[in-house]
Trainee: 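Take this structure, written in structure tokens, and hold onto it; I'll ask about it next.
Ligands are counted one by one from 1 in listed order, and the atoms in each one are counted from 1 as well.
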Amino acid sequence: WGRRKNITSVLAEQLPRDIIELLRRLGELGEELGYKVYAVGGFIRDLLLRRPNLDIDIVVEGDGITFAKAFAERAGIRARCHKKFNTAVLIFDDNLKVDVATARLEYYQYPAALPVVQFGSLKMDLYRRDFTINTLALALNPDEFGQLIDFFGGQRDIKEKAIRVLHNLSFVEDPTRILRAIRFEQRFGFRVGKQTASLIRHAVKIGLIERLGGQRLFHEIQHILMEEDPVPAIRRMAEFGVLGVICPSVCFDAKAEETLLQIKEVLSWYELSFLDEPLESWWVYFLGLLSRLPHKDLQKVMERLDLAQNMRERIAWTFQRVNQVLGDFLRLPHQRPSAIYRALQPFRPEEILFMMATTQREEVRRAISHYFHRYRHVQPEIRGRDLKEMGIPPGPVYAKILNRILDARLNGEVRSREEEAALARRLAWRELEAGEGKESHVHGS
Ligand code: CTP
């Protein structure tokens, strides 16, 4: 039955009271329906590591869908069921969700056949998982609530800070685990075990990564880049030969490392300065990884990762435009605010941060910093309807006038609504004259 020990004191110490209550209620319902219910996987791993994680996964020895429906009805919440996989998601109001999986109870392929599965269905479910640290389970039924169940040495490996697979075919079964091993290793400051490391090397050597579909591979890379500090994980990918397999010219030399470290620095600067502006930092690292590829290899990698067409176009556009803008900045280092604004405004913040990380020039970095801090949210106080009220006939001229006012505002040439309005009148007048000039020219010709 695996090693068991009671960890209710850890639960009380680590989890909010309402979550413990929720776990108890899940166990009570299981008991009523005659099912055993367990919380499993990353949630338990992180509980033991004292890392906050409220992504709760439960396994029901019984019918997960019946269980989820009954729970949802009782709690007055929604359950989204996936009949095909016998799984469900309980969706609570406050963003909390509980994933419910079914551990099948059939032990025999047909009546009187030998048991296909020699151990209980929870154990079977856990045996299919990637690493020992993800195979811990917590019993939730009332008479055993809080018992930690450890079939495969998960506690030992957490203590030894080791990432270990459960069996030698694990990477053959699912090659994405190669990248998951690296991700968990770096996230927790663990080390891939010796035997597991040689299985990874072997798997890379026999071409298992090549067999992965582009989208799955991209998804795993994206997950690595989403980690708090992806740089050591990227280094580790290179060590295991994973980067080289994705594209021989994506390498992790001193220059690549320097770029990634610059990105890290720029990102922490941005995140500290703009605490509540959402940022997809993985995208900046991704651009950093791709940025040193020759054009042809870039196309190959994008193809290999099966990136959506619009993403490919955006990446190519970014590299081209970033070079242009950096070139312009170098030629004219002291540009006016409006020129800086016009140069940077077409980019997403992630792309500008990539640009910032790839240049060492102090004046360029300062210009970018000014853009983020001072320019990007500047808007004229007057709007189109104000121009209308001034009696300016609507038309394309509005955009022209409003743009000029924005430039003037950025450059400090106008500082109030009144000054903006005065400028609008002058500009409208000038446009009108120019228009009439053109007209008489046309008539005259
Ligand atoms: N799993 C697996 N093989 C995979 C993906 C997932 O065996 N290729 C198992 C893992 O054991 C994991 C569980 O499915 O515990 C849930 O997967 P996921 O949510 O990706 O893992 P977490 O451990 O919760 O990781 P994270 O903290 O990154 O969400």
Trainee: Would you sort out whether Glu351 and Met355 count as a side chain to side chain contact (heavy atoms under 4.5 Å, CB included), showing the intermediate values?
Mentor: CA-CA 6 Å; Glu351 294 156 349; Met355 186 188 311; over 6 Å; no

Trainee: Kindly indicate, with the supporting measurements, whether the criterion side chain to side chain contact (heavy atoms under 4.5 Å, CB included) is fulfilled by Arg164 and Phe152.
Mentor: CA-CA 10 Å; Arg164 293 197 174 103; Phe152 306 108; over 6 Å; no

Trainee: For atom 26 (P) of ligand 1, is the nearest protein heavy atom closer than 4.0 Å?
Mentor: yes

Trainee: How about His202: does its NE2 atom have over 12 heavy atoms from other parts shown lying under 6.0 Å from it?
Mentor: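 Atom NE2 in His202 is not packed in, count stays at 12 or less.
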
Trainee: For atom 3 (N) of ligand 1, is there a protein heavy atom at a distance under 4.0 Å?
Mentor: yes

Trainee: Would you call the rings of Tyr270 and Phe372 parallel, tilted or perpendicular, taking 30° and 60° as the class edges?
Mentor: perpendicular

Trainee: For atom 14 (O) of ligand 1, grab the closest protein heavy atom and report residue, atom and distance to one decimal in Å.
Mentor: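 Answer, as residue, atom name and distance: Arg129 NH1, 4.0 Å.
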
Trainee: Among all protein heavy atoms, pick out the one at the shortest distance from atom 22 (P) of ligand 1; state its residue, atom name and that distance to 0.1 Å.
Mentor: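 Answer, as residue, atom name and distance: Arg45 NH1, 3.9 Å.
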
Trainee: Check for me whether Phe43 has a heavy atom closer than 4.0 Å to any atom of ligand 1.
Mentor: no

Trainee: Nearest to atom 24 (O) of ligand 1, what protein heavy atom do you find, and at what distance?
Mentor: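 Nearest protein contact, heavy atoms only, for atom 24 (O) of ligand 1 is Gly42 CA, 4.1 Å.
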
Trainee: Does the structure place the NZ or CZ of Arg177 under 6.0 Å from the centre of the six-membered ring of Phe131, at an angle of no more than 45° from the ring's axis?
Mentor: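 Negative - Arg177 is either too far from the ring of Phe131 or too far off its axis.
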
Trainee: Of the protein's non-hydrogen atoms, which lies at the shortest distance from atom 19 (O) of ligand 1, and what is that distance?
Mentor: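 Residue, atom and distance for the closest contact: Asp57 OD2, 4.9 Å.
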
Trainee: Mind checking whether Asp55 has a heavy atom under 4.0 Å from ligand 1?
Mentor: no

Trainee: Measure centre to centre between the rings of Tyr127 and His167, then say whether the value is under 6.0 Å.
Mentor: yes

Trainee: Among all protein heavy atoms in this structure, tell me which lies nearest to atom 11 (O) of ligand 1, with the distance rounded to 0.1 Å.
Mentor: Asp130 OD1, 2.8 Å

Trainee: Just which atoms of ligand 1 are under 4.0 Å from any heavy atom in Phe184?
Mentor: 23 (O), 25 (O)

Trainee: Is a side-chain donor-acceptor pair under 3.5 Å present for Asn6 with Gln147?
Mentor: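 Gln147 vs Asn6: no donor-acceptor pair found between side chains.
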
Trainee: So is Arg4 actually on top of Tyr38's ring, under 6.0 Å and inside 45° of the axis?
Mentor: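 Checked: cation-pi criterion not met.
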
Trainee: Short N/O distance, under 3.5 Å, between Asn53 and ligand 1?
Mentor: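 No, no N or O pair falls under 3.5 Å.
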
Trainee: Has Glu73 got more than 12 heavy atoms of other residues, nucleotides or ligands less than 6.0 Å from its CD?
Mentor: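 At most 12 heavy atoms, drawn from other residues, nucleotides or ligands, come within 6.0 Å of this atom.
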
Trainee: Mark up the atoms of ligand 1 that fall under 4.0 Å of a heavy atom belonging to Asp174, in ascending order.
Mentor: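 Near Asp174, the atoms of ligand 1 are 3 (N), 4 (C), 8 (N).
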
Trainee: Looking at Thr176, which atoms of ligand 1 are within less than 4.0 Å of one of its heavy atoms?
Mentor: 8 (N)

Trainee: Give me the nearest non-hydrogen protein atom to atom 18 (P) of ligand 1 as residue plus atom name, then the distance to 0.1 Å.
Mentor: Arg180 NH2, 3.8 Å

Trainee: side-chain hydrogen bond (donor to acceptor under 3.5 Å, both in side chains) with Ser273: which residues, sequence neighbours excluded?
Mentor: none

Trainee: For Arg183, is at least one N or O under 3.5 Å away from an N or O on ligand 1?
Mentor: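 Right, the criterion is met.
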
Trainee: Please identify each residue that fulfils ring pair (Phe, Tyr, Trp, His ring centres under 6.0 Å) with Phe347, with sequence neighbours left out.
Mentor: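 Per chain and number, Phe347 pairs via ring pair (Phe, Tyr, Trp, His ring centres under 6.0 Å) with Trp317.
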
Trainee: Can you name the atoms of ligand 1, numbered from 1 with element, that are less than 4.0 Å from a heavy atom of Arg187?
Mentor: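 Numbered from 1, ligand 1 contributes 26 (P), 27 (O), 28 (O).
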
Trainee: What I want to know is whether Asp46 and ligand 1 share at least one N or O pair that is separated by under 3.5 angstrom.
Mentor: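 It does not: no N or O of Asp46 is found under 3.5 Å from an N or O of ligand 1.
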
Trainee: Provide the number and element of each atom of ligand 1 under 4.0 Å from a heavy atom of Asn134.
Mentor: 10 (C), 11 (O), 15 (O), 23 (O)

